[in-house]
Amino acid sequence: MVWFGLVGVVLFVGVALACRFSSAHDTTTACIQRLLSLFGIGVHRRRPAKDQRGVAKAGGECVYADYAGNAPVDTGLLDACFHELRTHSHEYRNPHSVDDGLEHTDATSVRAIDELRKKTLAYCKAQDDEYACIITHGATSACKIVADCFPWSHRNCFWYLMDNHTSVVGMKGCAEAKGASTRAVFAEEVLHAVEERGSSDVGMGLFAMPLESNFSGRRYSMDLVHSIQYGKKYGNGDQRMRVLLDAAKACASYPPDLSGDVKPDFVVLSYYKIFGYPTGLGALIARRDALREFLPTYVGGGTVDFFVAREGVCDRKKGEEAFEDGTLSYYSIPCACIGFDWFAKNVGSASEIDASSVSVAKRCAERLIGLRHANGRPICRVYGAWEDAINTLIEDCRTRQGPTVSFNVFDQFGDAYGCRQVNRMASVCGISLRAGALCNSGGLIEALGIPSSEMMRWRNLGYTCDGQVDSIDGVTTGVVRASFGYQSVPADADRIAAFVQKYFMDTTSISVDLAGKKESSELVSRVHVEAMYIYPIKSCQPQQVCSWPLGHDGLQYDRFWKIVDANDQTISLKTCPLLCKVKPVVSTKEETLQIFFDKEDDCVTVPLHGGNVQYSEVNAWLSSKLGISCTLADQRSNESGKNYSKQGDCLILFKSSIKYLHSKSGCSEDLETFTQRLRPNLVLSGSHNNQGAAFEDDKWQMIAARDGDIVGRKTKQCTRCGVICMDPHTGKQSKNMEPLRSIMSAKQEYPRKEKCSFGSLFSFNGTKGVVMQCGMEFNTMY
């Protein structure tokens, strides 16, 4: 009886606590979830039977973990939206065409707009008499409205957290253009900075911050909003600091509560982050007293009650419509309304989604943090508030950290793998993640602990936000992000952790001090050049040669040209598969470059020398063949002043490794065609009696011609991407992602092999003018 009594007491206390943390908007299921979470038990909804998050990949179901990018669209929601549009499409008209005196069916779009305003305000628990809901084209558009209309002057300022999306930070341009000062601060500096500002004679300012970081998922307390708005040393007058809250990421499961004492002045959101569909639709929730201070300059259709074109006399509409320039997306708006209803009926409340998805993220973070190499070094470094949140109950965890796990992967020596390399490998394994700076350079700076000046240096070295530069001087240029949502289940977290363990964990008990990094000149094998290729135009067909001179950075004229589009962006085989039909041929004797297309006889000719070569005829020819406006450009002298930089002078492959990969991948093409997929410059082969083992070339650090005239030093392993999965003759992508998948799995059979790399890049310095020949013998050293 005593035990029954104790159990009863525990249950009573649990129910009381669950109810204490529940709100009137929570369902019974949410209360039960809270009760169980207090005892460390996570409750997860079953994934819908018809899961449309992605096509199943070989080896298992697709894992979708990019909810911070966009929520996947459930087919049930799409069916409901399309049913509404099919049934009532004739009733939805341009709202500017609707006359108040028309029949009620002609005002359907107007009613849908009003309904979306009400549902959006209710979702954030905002009162209509206090807040206005302005329909926009997305969260970015909402930020732009505030930036364009805020009463900037030399007396006020725009401050923002470093950990902010680019769309928020971009507001500083509008502020600075009108004389306002700008400042980026870390979260720990905010309160001190606010008090500092309060002691100076300045006008009204604007502070921007996320409710939940799109970079790491860290959640910022709403109490911070109140502290910023009402600093100790100044009050509600002209010195007041208004606050913009970026809730685009948070609204998927953790919308702000605007019914309490803390009331941000502006909240921005996008509906596709919540429901997945529709895209291109968002909202600006703004305090009505703040809107009255706005000074809009642009006049868009639908925003005025009176306007005279010649004189420019304008009477703006009052309220929300005054800022909704142009025609709203009246077919998307009813779909967003349906999204609110469909989720409430079929998925659950935001609180239920949040408890479930944060539980999955917590599980993922725990497993990644727990992974260790054989030498004891951690495999992953996880960012955000997980260090504090991971040991708390779900309810407490949710106040600090959202359902996002951003991390980097490190080898047994503590060196980081490129984030895009990890992401490519995950994609091949059917796991959808995201990699890079995540449109949040401040979050990246904070996570990596680097100064802004370091990123400026990256820029000078060719780094771009959406580029493929994975690391610079051993420092990773981004992170990997796994983000979870309404369809996520614990198995998703397990799959991600298992993927990292399988492909990145070193299981050899090797000493960190030795680590195989010592210099050595031990002779391991003798090889000869079996085949040699140059690629005069980047991403186009190779030119096979028997002998060829070395230039100052590899084989002469190798990747000397590139084809760029109208925006001066390099066209690659990924973006234009027809490049596989372009056949460039360099003749050093005739001093010309001839360009052929497919099996056609006609070609264009370019002289190799003669100063500024005019490419107008070539450009017209290429544009007609590729079907896009493009130009031929010299890789070594582009207008930006940034020299074209390859990862190494010469890509060298070992024939034994090629044979192994050809066999393991199961590709039906012959070995020569398969080799062309891998785009080598030199194919080296062992002797007839000793052809060498597969991946023996991974250990090479130097190759030297037997006569001593040519010496090549390894710069790095060649990291591979999806280009090698494209047929070199047709440009079609292989459905099974071979041979990239086999390269990854080879790590298990050959533990010393670097993941997702195949072949090595070598530099040949001081050998300009020396001729490389097929059959030439080399000694390989490590």
Side-chain angles (χ1 to χ4, degrees), residues 27 29-30 33 37 42-54 61-78 123-124 138-139 165 210-219 246-256 269-279 282 336 339-340 342-365 384 386 389 394 397-398 401-407 426 430-434 438-439 480-497:
T27 63
T29 305
Q33 259 184 323
S37 70
V43 179
H44 301 276
R45 294 174 308 282
R46 293 188 62 182
R47 184 174 289 160
K50 283 191 174 182
D51 185 0
Q52 298 297 321
R53 297 173 306 151
E61 182 189 359
C62 172
V63 171
Y64 186 84
D66 188 27
Y67 281 80
N70 66 279
V73 190
D74 193 286
T75 53
L77 173 59
L78 285 179
Y123 190 65
C124 296
H165 193 281
L211 178 56
E212 180 180 323
S213 169
N214 76 297
F215 182 88
S216 65
R218 176 181 177 181
R219 285 176 173 168
D246 176 12
K249 170 65 178 74
C251 270
S253 61
Y254 192 71
L269 59 91
S270 288
Y271 295 103
Y272 79 95
K273 297 279 188 180
I274 308 173
F275 314 125
Y277 182 84
T279 59
F340 280 113
W342 192 90
F343 262 61
K345 179 180 179 181
N346 297 283
V347 179
S349 68
S351 179
E352 291 175 302
I353 296 170
D354 196 55
S356 176
S357 55
V358 170
S359 179
V360 174
K362 186 171 183 282
R363 183 186 184 101
C364 183
W386 285 115
I394 288 296
C397 179
R398 289 171 55 194
Q401 180 67 46
T404 299
V405 183
S406 292
F407 62 98
I431 300 174
S432 297
L433 305 171
R434 178 150 173 196
L438 313 179
C439 295
V480 181
R481 184 182 70 191
S483 49
F484 304 94
Y486 74 96
Q487 287 185 341
S488 299
V489 292
D492 294 342
D494 297 341
R495 276 278 302 277
I496 292 170

Side chains of R481 and T404 in contact at under 4.5 Å (non-hydrogen atoms): yes

Within-4.5 Å side-chain heavy-atom neighbours: S483 and D66: yes

R363 bridged to D494 by N-O distance under 4.0 Å: yes

Within-4.5 Å side-chain heavy-atom neighbours: K362 and W386: yes

Exercise: identify the closest heavy-atom pair between I274 and A71: O-CB, 3.9 Å

Exam field: side chain S270 to backbone K273, donor-acceptor pair closer than 3.5 Å: no

Side chain to side chain, L433 and I496, heavy atoms closer than 4.5 Å: yes

Name of the residue among Y123, F275, Y277, Y271 meeting ring pair (Phe, Tyr, Trp, His ring centres under 6.0 Å) with F343: F275

Beyond-backbone contact of P210 with K249, side-chain heavy atoms, under 4.5 angstrom: no

Student check: side-chain heavy atoms of F484 and S359 closer than 4.5 Å: no

Sub-4.5 Å side-chain heavy-atom contact between P403 and Y67: no

Check: Y254 side chain, L211 main-chain N or O, donor-acceptor pair, under 3.5 Å: no

